[in-house]
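One structure below.
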Amino acid sequence: MKITAARVIVTCPGRNFVTLKIETDQGVYGIGDATLNGREKAVVAYLEDHVVPLLIGRDASRIEDIWQLLYRGAYWRRGPITMSAISAVDVALWDIKGKAAGMPVYQLLGGASRDKVLVYGHANGADIEETADAVGRYIDLGYKAIRAQSGIPGVKGAYGVGRGDLYYEPADDALPTETLWNTSAYLDFAPKLFARIRDEYGMGVELLHDVHHRLTPIEAGRLGKSLEPYRLFWMEDCTPAENQEALRLVRQHTVTPLAIGEIFNSIHDCRQLISEQLIDYIRATIVHAGGITHLRQIAGLAALYQVRTGFHGATDLSPACMGAALNFDMWVPNFGIQEYMRHTPETDAVFPHSYHFDDGYLHLDDTPGIGVDIDEQLAAKYPYSPKQLPIARLEDGTMWNW
Ligand code: GCO
Ligand code: MG
């Protein structure tokens, strides 16, 4: 089966998505997500200028060889742009292989290890009361696991406070929104938030929290310790994790489970975190970490150390990524949880998909491939629109981590 064409489709049904579509001489095609939030055009150029010309005429069934060609052959390894582009090719080829075999991708990986995929949703509010109410609404919707984020008194634009309840979206048009950060206010506030939520809803729901790279290791240790009474499922991205060793200090101070990795793009970003058991969940995901082919290696390493998967699944990862992730989640032995931020109805219409939410889980059917398509005519109605993620500064103006 020969690759005859590969095209990059950019669409903005509320937010930008980059999709690679690969066509073959047998009429079977596949799609893969290549969206890198706020830096979308860099991946478009990488794909169009440097990857697509290499694909034409190749055997679409040789997924591993094409992965190695794009990784080794570029000479310049790793990095989010390269790895997002490789991922898009990889997923599109798995999609093709599944369609050609008449099987969902999880069957090709080794078959289902579970019947359905546990997900967590995002409850957020401007203050503790609003956030507690939002948690209640997610419980009513059937969610078994809920991430809670709240506005913090004295912190303008705290991370995670959305503009809508079900459809949180942080990116803004053109220039980045400037937010403020205050670590002391946050460290005092966060335990009060979770005390309030546990007080109202008891221990029967899993609670998660995203620190979004804001703390130093010793601060993260303090936060984890202060949240222990509320038995979090995980505390996410407590420090920027370029320095993997730093997590040792956090571990020495808390038994709150740790999840890291949504901005990682290679196994080398998390090798030490995993092999020293410095984290409990690895969040690297299909679109930014080299596709199904590379995630299989990361998950295999993680399994040796009882680290489980918890893939990133924010709205800036397209339904094509979600379809690939869910197929992976159905198979991977050391599955933990899958993040699920609902896409808007406009996005769902551009990407018809076979997965659906019911009673706290996402469910897949037997649709061959990744189970997600793109409606190109509809996609064309939503042209690219420049977007930027917010930035954060301390009160004296110092740049901080958003
Ligand atoms: C998450 C993430 C997102 C990111 C976003 C950036 O845990 O879902 O932290 O909210 O901020 O994906 O593009
Ligand atoms: Mg996160």
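Every number for a ligand or one of its atoms is a count from 1 in the order of the listing.
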Using a cut-off of strictly less than 2.8 Å, determine whether E339 has an N/O/S atom near the Mg ion (ligand 2).
no
Under 6.0 Å from the ring centre and within 45 degrees of the ring axis: does the NZ or CZ of R342 meet both conditions for the six-membered ring of F357?
yes
Under the salt bridge (Lys or Arg N to Asp or Glu O under 4.0 Å) criterion, do E339 and R283 qualify, and how do the steps go?
CA-CA 9 Å; E339 181 179 18; R283 280 180 53 69; 2.9 Å; yes
Report the name of the N/O/S atom of D210 located nearest to the Mg ion (ligand 2).
OD2
Do I96 and I3 have side chains that get closer than 4.5 Å, going by heavy atoms?
no
Answer yes or no: is there a donor N or O on one side and an acceptor on the other, between the side chain of Q272 and the main chain of Q244, under 3.5 Å?
no
By ring pair (Phe, Tyr, Trp, His ring centres under 6.0 Å), which residues pair with W331, not counting sequence neighbours?
F328
Angle class for the Y46/H50 ring planes (parallel below 30°, perpendicular above 60°, tilted otherwise)?
perpendicular
Hey, which N, O or S atom on E236 ends up closest to the Mg ion (ligand 2)?
OE2
Please round to the nearest 0.5 Å and tell me the distance separating atom CG of D95 and atom CD1 of I292.
8.5 Å
Taking the side chain as every heavy atom from C-beta outward, state whether F311 and L295 have any atom pair closer than 4.5 Å.
yes
Applying a heavy-atom distance cut-off of 4.0 Å, which protein residues contact ligand 1?
N37, H122, R147, Y159, Y168, D210, H212, E236, E262, R283, H312, A314, D316, E339, L389, W402
Hey, which N, O or S atom on E262 ends up closest to the Mg ion (ligand 2)?
OE1
